[in-house]
Amino acid sequence: MSQAHPLNILAISGSLKSTSSNTNILRALSKFKTENIEFIVFDGLDQLSHFNPENEKGTDAVANFKEQLKKADGVIISTPEYAFGVPGTLKNALDWTVSSGELNEKPVIAISASPLYEGGKKAMTSLLLTLGALGTKMNEKSHLSIPNISKKINASAEILDPQLKEDLAKIFNHLVEEIQKSKTDVIF
Ligand SMILES: Cc1cc2nc3c(=O)[nH]c(=O)nc-3n(C[C@H](O)[C@H](O)[C@H](O)COP(=O)(O)O)c2cc1C
């Protein structure tokens with residue numbers, strides 16, 4: 001059944017690498033969308049100035065990022081782990097939303113992927129703390145850590161691993177359900 005207003009999903013990769021497996025995961029996720037879903041992969045993470053609480057407005061690139069977040073009904077983050085943590089570019093982007101609250105009450109799913117066996121779990125732990133501080137709508141089904149990613153997806157964003165395909169479909173559907181729920185939530 002098609003809806004009058006599309007659901008807007010904004011996908012953010014924590015990696016700036018042109019061959020990023022995390023960006024490829026977002027491309028693979030976009031293939032699960034139905035016709036009433038608008039799926040945009042944000043590509044301006046490297047344009048954001050460094051967060052400074054004395055300049056909450058930031059640059060035009062920051063304003064554009066906040067605008068895209070505001071328009072989004074749900075957000076997907078897929079990130080590598082750098083030095084056991086969240087890449088600085090992604091953390092910087094999230095810091096810009098602390099006071100302005102674009103992610104508050106927003107359904108979000110978080111993915112970490114690594115060629116190593118832990119799947120970036122330390123970065124995920126840290127990312128979940130940050131997303132919690134930002135007031136995102138998440139639960140135990142809203143995150144996924146993917147180990148050995150280089151064997152599971154190719155450069156054309158084709159998923160080679162059936163289990164990963166299933167896991168990604170599941171987490172994508174979870175996001176869509178959470179968005180639909182949040183749109184029908186009535187405050188008494
Ligand atoms: C500076 C740097 C630090 C890294 N630190 C970690 C790490 O702590 N844990 C991990 O699992 N992988 C680490 N890696 C490997 C990344 O997981 C790997 O490069 C991965 O492919 C990056 O994701 P991407 O393909 O989406 O860019 C690191 C890579 C770089 C370049």
Side-chain angles (χ1 to χ4, degrees), residues 8-33 37-51 61-62 64-65 68-69 72 74-97 103 106-134 136 138 140-175:
N8 293 310
I9 293 179
L10 187 67
I12 302 168
S13 174
S15 174
L16 300 178
K17 210 167 75 180
S18 60
T19 57
S20 162
S21 50
N22 282 281
T23 307
N24 282 336
I25 287 168
L26 298 178
R27 293 199 185 111
L29 282 168
S30 73
K31 295 174 194 161
F32 293 119
K33 81 181 194 71
I37 295 176
E38 193 101 48
F39 190 108
I40 295 170
V41 179
F42 182 71
D43 71 352
L45 216 61
D46 57 343
Q47 306 297 313
L48 304 182
S49 48
H50 292 160
F51 175 67
V62 171
N64 170 50
F65 174 58
Q68 292 209 42
L69 281 178
V75 172
I76 302 175
I77 296 172
S78 187
T79 186
E81 176 175 279
Y82 283 169
F84 292 175
V86 175
T89 40
L90 176 60
K91 182 62 166 63
N92 182 55
L94 294 174
D95 286 347
W96 276 112
T97 73
L103 286 168
K106 195 149 286 193
V108 174
I109 56 169
I111 295 168
S112 65
S114 167
L116 306 182
Y117 74 98
E118 279 204 318
K121 273 199 175 140
K122 294 185 188 77
M124 178 59 83
T125 302
S126 171
L127 179 60
L128 291 178
L129 285 171
T130 301
L131 293 173
L134 296 174
T136 59
M138 297 182 77
E140 70 290 346
K141 293 182 185 166
S142 314
H143 56 93
L144 173 69
S145 290
I146 310 168
N148 307 315
I149 189 62
S150 37
K151 294 184 189 137
K152 296 178 179 173
I153 194 163
N154 67 17
S156 310
E158 286 158 352
I159 305 165
L160 310 172
D161 179 71
Q163 183 62 52
L164 178 59
K165 197 171 212 169
E166 199 179 311
D167 291 346
L168 289 178
K170 207 185 278 179
I171 200 165
F172 183 81
N173 289 336
H174 173 71
L175 177 66

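Start at 1 and go down the list; that is how both ligands and their atoms are numbered. Not measured: the values here are computed from a predicted model.
- K31 is linked by a side-chain contact (heavy atoms from CB on, under 4.5 Å) to A157, counting only residues two or more places apart in sequence or in another chain.
- Remark: ligand 1 and T23 share no N or O pair separated by less than 3.5 Å (distance only, no angle test).
- Residues H174 and P107 are not in side-chain contact: their nearest non-hydrogen atoms beyond the backbone lie 4.5 Å or more apart.
- Between Y82 and ligand 1, not a single N/O pair is under 3.5 Å apart.
- When the options P115, A123, S150 are ranked by their closest heavy atom to atom 20 (C) of ligand 1, first place goes to P115.
- Every residue two or more places apart in sequence or in another chain was checked for a side-chain hydrogen bond (donor to acceptor under 3.5 Å, both in side chains) with H143, and none qualifies.
- The N/O atoms of F84, backbone and side chain alike, include one that comes under 3.5 Å of an N/O atom in ligand 1.
- Contacts between K17 and ligand 1 below 4.0 angstrom, taking non-hydrogen atoms only, involve the side chain exclusively.
- In this structure, F172 and F32 have tilted ring planes: the angle between them lies in the 30° to 60° band.
- Residue contacts with ligand 1, taken as heavy atom pairs separated by less than 4.0 Å, involve N22 via backbone and side-chain atoms alike.
- With hydrogens left out, the protein atom closest to atom 6 (C) of ligand 1 is E81 O, 2.9 Å, a heavy atom.
- The shortest contact between atom 11 (O) of ligand 1 and any protein heavy atom is with S114 OG, 2.7 Å.
- In this structure, D167 CG and D161 CG are separated by 8.0 Å, a value rounded to the nearest 0.5 Å.
- Residue-environment remark: NZ (K33) exceeds the threshold of 12 foreign heavy atoms within 6.0 Å.
- Note that CG of N8 is 12.0 Å distant from CZ of F39, once rounded to the nearest 0.5 Å.
- Residue P80 has at least one heavy-atom neighbour below 4.0 Å for each of these atoms of ligand 1: 22 (C), 23 (O).
- Only one option out of I77, V75, T130 pairs with L103 in a side-chain contact (heavy atoms from CB on, under 4.5 Å); it is V75.
- Annotation: atom 26 (O) of ligand 1 to nearest protein heavy atom, S20 OG, 2.6 Å.
- With a 4.0 Å heavy-atom cut-off, ligand 1 is reached by the side chain of S15 but not by its N, CA, C or O.
- If you check each of P147, G85, S21 against atom 25 (O) of ligand 1, the one with the closest non-hydrogen atom is S21.
- For N154 against L160, the heavy-atom pair with the smallest separation is ND2-CD2, 3.9 Å.
- Considering backbone and side-chain atoms alike, A83 places an N or O below 3.5 Å from some N or O of ligand 1.
- For ligand 1, the polar-atom distance check finds no N/O of T19 at less than 3.5 Å from any of the ligand's N/O atoms.
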